[in-house]
There are 2 protein chains.
Amino acid sequence: MATAWEQSYLTLRRRLADGTYPAGSRLREEELAAQLGVSRTPIREALRRLDAEGWLRVVPNQGAFAASWSRQDIEEIFDLRALLEAHACEQAAMRPTPAGIAALNAACAAGEASLPATTLAAVEAVSDANVRFHQTIWEMSGQARTRSMLGTLAVPPMILRNFQHFDDANLRRSLAQHREMAAAIASRNPSLAGAVMRAHVEAGKAIFLAGTAQGAAGAAA
Amino acid sequence: MATAWEQSYLTLRRRLADGTYPAGSRLREEELAAQLGVSRTPIREALRRLDAEGWLRVVPNQGAFAASWSRQDIEEIFDLRALLEAHACEQAAMRPTPAGIAALNAACAAGEASLPATTLAAVEAVSDANVRFHQTIWEMSGQARTRSMLGTLAVPPMILRNFQHFDDANLRRSLAQHREMAAAIASRNPSLAGAVMRAHVEAGKAIFLAGTAQGAAGAAA
DNA sequence: CCGACGTAGTCTGCATACAATCCTCCCGCG
DNA sequence: CGCGGGAGGATTGTATGCAGACTACGTCGG
C-alpha cells in the first residue's frame, strides 16, 4: 500500500472529478479525515497538492473549496489541451513503439466495440477507451512535464462530461480521428498526427461549448 | 505575515532556483525546519507543493531530492515555454490594457538602460527586467492556468542562468524582440506577437543548448 | 577475501495536542 | 429597525511524539 497522503490525494481527486464534492463547496479537513480513516495530517498534504494542480483552492485560515469552472476557464482548458495534446502527439509520432501502437489500436477497438452507445454504461465504456487512448499518447511522447500538465487540466472528468453531449455521429467521427492519429503515429508522421489531434480537441471544445450554451458549466455535477 | 508553510515554500523555491541546494541533493525535513525556524509540519506541506511543481522529487520513506535537469528536460521545457508563452502573448494582444503596455515598455527600458551588461550586477538587472516583461505578458493574458503552468516550468532560474551565456549582440537582439512584442500587443496583432515570442523562446533555447554543449546542465549551480 | 545477514541509527509517515484565526450569532446602541 | 461590536464555537495552523521503514555498518559464514 502506498502512503496515506497519496491514497487520500487519489481518492479526493476522483471525488472532485465525479462531482461528489460540488463546485464551490467547502471541504473540511476533519470530515475528510474521518471519511478516509486517516488523520488530518495526510489530508492536509493531499489538499496542498490538489491546490497546486488546480482541483481546489486553499484559502489560508478558511479551508479548501472545490474549484468551479467558468466558461472562460473551459475555453482556456480546451485551448491548452489543443496545444499540449498536439505537442505530445507530435512527439509520440517521432518515436513510436510497437507496444504503444498496440495500446492505441486496442483503445480504438474498445471504443468502437461499444457503439452504438445507447446506454450510460456504453457511454462510460467509450469514455474510458477515449481516456486510455489519450493517456497512451502522453506516455508515448516521453515528455514527463507535458504529461503531468495535461493531468492537471482536469482532462478525464471533462472528457466524461463532454461525452454526454456527443450524438452518434460525433462519437463515430471522434473514434475515426483516433484511428487517423494511430495511423499517423505508426507511420512516423508528426505533423499529420499533431494536426489531427488539434482538430480533435477543437471539435470537442465546440461540442462542449454548444452543450453548455447558457447553462452554468461550473455547477454541473 | 502569511502562513509558515507558504513562507517556507517561497524560501525553498528560491534556494532551489539559485543553487543553494544542488541538483540531486537530499533535503532533510528536520534540517530545513531548523534553518527556517519552524517545525517539520509546514516544511512537509511546502515540500509536497514543490514536488507537484517539479522543483524536487519526494520519494516515499526516503525524502526529497532537488530536481536535476537533463538535456532532454531542458529541451522539453523550452518547447513548452514556446507553446505557452506564445499562447499567452496572443491572448495578451487580444485585450491590451494601458497599464499592461506601460509595464511592458518600462521593463524594456529597464533592460536597455543596463546595457552594455559588463558586470554580473548588470546581467542580473537585465535578467530581472526580462522576467518582469514575461510575467507582465502572463498577467495580461488573463489566462490563469497558462500563467501557473509557466510558473512551474522553472522559468525565472532558467532565464537567469541562460543570460550568463548571452553576449552583447544576443542581449540586444533579445531586447529588440521585447520591443517588437510590446508594439505588436499594443497594436492588437496577436499572430505577430505570438510569432515573435515563439522566435524569442526558440532563440533562447538554441543559446542555452549551445552554452551547455557537453557540460552537465543539471549540475550547474 | 567476498558476500549475506543482522542490528543500530536515522529519517520519514502519521497521529495527536495545543494555539491562533475566522465565522457566526447575539446583544446593545443609534 | 438597522448596524456595529464582542463573545463563543468551530476550523485551520503549527508543534510534538511515537511508530515504521530505510540506510549503513559490522559481523558471521562460506
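Side chains are part of it too, since the values below use all heavy atoms of this structure and drop only hydrogens, waters and symmetry mates. Chain letters run A, B, ... following the sequence lines, proteins first and then strands; every chain starts at 1. A quick note: this is a predicted structure, and the numbers were derived from the prediction, not measured.
Distance A:E29 CD to D:dT11 P: 11 Å, rounded to the nearest Å. Atom pair A:E30:CD and D:dA10:P shows a separation of 11 Å (rounding to whole Å applied). Rounded to a whole Å, the CH2 atom of B:W5 is 14 Å from the C1' atom of D:dT14. Here C:dT12 presents its C1' atom at 11 Å from CZ of B:F65, a figure rounded to the nearest Å. In this entry the distance linking CG of A:L47 with P of D:dT12 reads 9 Å, nearest Å. Atom-to-atom, CG of B:D51 to C1' of C:dG13 comes out at 15 Å; the value is rounded to the nearest Å. Separating the CZ atom of B:R28 from the C1' atom of C:dG13 is a distance of 18 Å, rounded to the nearest angstrom.
Side-chain atoms of A:R44 lie closest to D:dG13 of the nucleotides C:dC11, D:dG13, C:dG13. Among C:dT12, D:dA15, D:dT12, the nucleotide with an atom closest to any side-chain atom of B:P42 is D:dA15.
Neither side chain, A:W138 nor A:Q143, offers a donor N or O lying under 3.5 Å from an acceptor on the other.
Ring-plane geometry between B:H200 and B:H134 is classed as parallel, the angle between the planes falling under 30 degrees on a 0 to 90 degree scale with a further cut at 60. Between B:F133 and B:H178, the ring planes are parallel. Angles under 30° get that label, and only those over 60° would be called perpendicular.
Using a cut-off of 4.0 Å between Lys/Arg side-chain N and Asp/Glu carboxylate O, A:R71 and A:E75 are scored as salt-bridged.
OP1 or OP2 of D:dT11 has not a single side-chain nitrogen or oxygen of A:Q62 nearer than 4.0 Å. Distances shown here put a side-chain N or O of A:S39 below 4.0 Å from the OP1 or OP2 atom of C:dA15. Close to D:dC22, at under 4.0 Å from its OP1 or OP2, lies no side-chain N or O of B:R26. Contact between the side-chain N/O atoms of B:R40 and the OP1/OP2 oxygens of D:dA15 is not found at any separation under 4.0 Å.
Under the side chain to side chain contact (heavy atoms under 4.5 Å, CB included) test applied with B:V201, the options B:K205, B:M197, B:R198 reduce to a single match, B:M197.
Among the atoms of the strands shown, only primed sugar atoms or phosphate atoms (P, OP1, OP2) are found under 4.0 Å from some heavy atom of B:L27.
Comparing B:N61 and A:T41 by the nucleotide of DNA chain D that holds the closest heavy atom to each, the one mapping nearer the 5' end is A:T41. Nearer the 5' end of DNA chain C, as judged by each residue's closest nucleotide, is the contact made by A:E45, out of A:E45 and A:P60.
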